[in-house]
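Values below: all heavy atoms of this structure, side chains included; hydrogens, waters and symmetry mates excluded. These numbers were taken from a predicted model, which means no experiment stands behind them.
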Amino acid sequence: WNLPSFALYRLSETVRETKPVALEIMQETEELQSWSDLPAELLGLVLSRLTLKENIRVSAVCQRWHSIAVSVCVVNQPPWIMYFPKRGDFHEFYDPLSRKTHSVELPELCGSRVCYTKDGWLLLYRPRTHRLFFFNPFTHELIKLPKFEMTYQMVAFSCAPTFPTCVIFTVKHVSPTVVAISTCHPGALQWTTSNYQNRLPFVSSI
């Protein structure tokens, strides 16, 4: 069927008028969208393809990305081996999965020793100042803890210090039947120590 010429003219004018409106809507939508608007399923798919080092870096972007990055992190991935330098501030990290060594300058670790590691975080102790602190070698984030003289036999922490449930604890052998347990959490002003009586002599596995 054939349309009159005036009808064809009006139709072409309508198309011309609606095109800019459609383009404006698309541009506004594109301007409003950002990485933070990605659905959790799509973001998880992207983060699941990252290496451990990249995953830890991405987890520092925001709380939402942190929770997704942790949920897709490969749990059975072998841990990296950390080598302390004899001199200087360059530390080496060996990835047994890719068989690659990464050299990172970490002046923050000068004069300290590693007490425990978990979830990409190091718990370190500086004997000269009796300071315990958390350090992330990938993001260089440092979290200080209250002073504490580490005459301990065992020390560990429950989870990453960025979580509100993180607890640091130490176990000290006071006497054959008494064990002292000290606890602390990031943001605390002091440590809490309690002595526990054992019926049998306490034997440390370390």
Are any of the side-chain heavy atoms of Thr101 and Tyr83 separated by less than 4.5 Å?
no
Assigning hydrophobic clusters by single linkage (Ile, Leu, Val, Met, Phe, Trp, Tyr; side-chain heavy-atom cutoff under 4.5 Å), is Tyr94 placed with Val104?
no
Note, Leu142 side chain near Phe134 side chain (heavy atom, < 4.5 Å):
no
Show the nearest heavy-atom pair for residues Pro161 and Cys166, with the distance to one decimal.
CA-SG, 3.7 Å
Would you please test Leu145 and His185 for side-chain contact (heavy atoms from CB on, under 4.5 Å) and show each step?
CA-CA 8 Å; Leu145 296 170; His185 61 85; over 6 Å; no
Hey, could you give me the NE2/CE distance between His102 and Met82, rounded to the nearest 0.5 Å?
13.5 Å
Would you say the side chain of Val179 lies within less than 4.5 Å of the side chain of Val171, judging by non-hydrogen atoms?
yes
How close do Lys144 and Phe133 get, heavy atom to heavy atom, and via which atoms?
CA-CB, 4.1 Å
Pairwise side-chain contact, Ile68 with Gln63, heavy-atom cut-off 4.5 Å (strictly under):
no
Tyr116 and Lys118: which non-hydrogen atoms are nearest, and at how many Å?
CE2-CB, 4.1 Å
Would one find more than 12 heavy atoms of other residues, nucleotides or ligands at under 6.0 Å from atom CD of Gln197?
yes
I need the minimum non-hydrogen distance between Ala180 and Asn195, along with the two atoms involved.
CB-OD1, 3.2 Å
Rounded distance (nearest 0.5 Å) linking atom CD of Glu141 with atom CG of Asn136:
6.5 Å
Using the side-chain contact (heavy atoms from CB on, under 4.5 Å) rule, take Leu123 and Ile168 through it: C-alpha gap first, then chi angles, then the decisive distance, then the call.
CA-CA 9 Å; Leu123 178 61; Ile168 310 100; 3.8 Å; yes
Between Trp191 (side chain only) and Phe148 (backbone N and O only), is there a donor and an acceptor less than 3.5 Å apart?
no
Distance (rounded to the nearest 0.5 Å) between Cys110 SG and Arg126 CZ:
7.5 Å
Do Phe135 and Leu109 touch side chain to side chain, with heavy atoms closer than 4.5 Å?
yes
Within a strict 4.5 Å, meaning less than it, do heavy atoms of the Val114 and Tyr125 side chains meet?
no
Does Phe157 have its ring centroid less than 6.0 Å away from the ring centroid of Phe169?
no
Smallest heavy-atom separation, Gly120 atom then Pro137 atom, equals O-CD, 3.5 Å
If every non-hydrogen atom of Leu132 is compared with every non-hydrogen atom of Cys115, which pair is closest and at what distance?
CD2-SG, 4.2 Å
Less than 4.5 Å apart, side chain to side chain, heavy atoms only: is that true for Trp121 and Ile143?
yes
Close side-chain approach of Asp89 to Leu106, heavy-atom, < 4.5 Å:
no
Could you go step by step and tell me if Glu92 and Ile81 meet the side-chain contact (heavy atoms from CB on, under 4.5 Å) rule?
CA-CA 8 Å; Glu92 291 185 345; Ile81 302 173; over 6 Å; no
Rounded to the nearest 0.5 Å, what's the gap from NZ on Lys147 to NE2 on His130? Could you check?
8.0 Å
Checking Ser158 side chain against Val167 main chain: does a donor-acceptor pair fall under 3.5 Å?
yes
Apply side-chain contact (heavy atoms from CB on, under 4.5 Å) to residues Thr165 and Cys159 and explain how you reach the verdict.
CA-CA 7 Å; Thr165 55; Cys159 58; 3.6 Å; yes
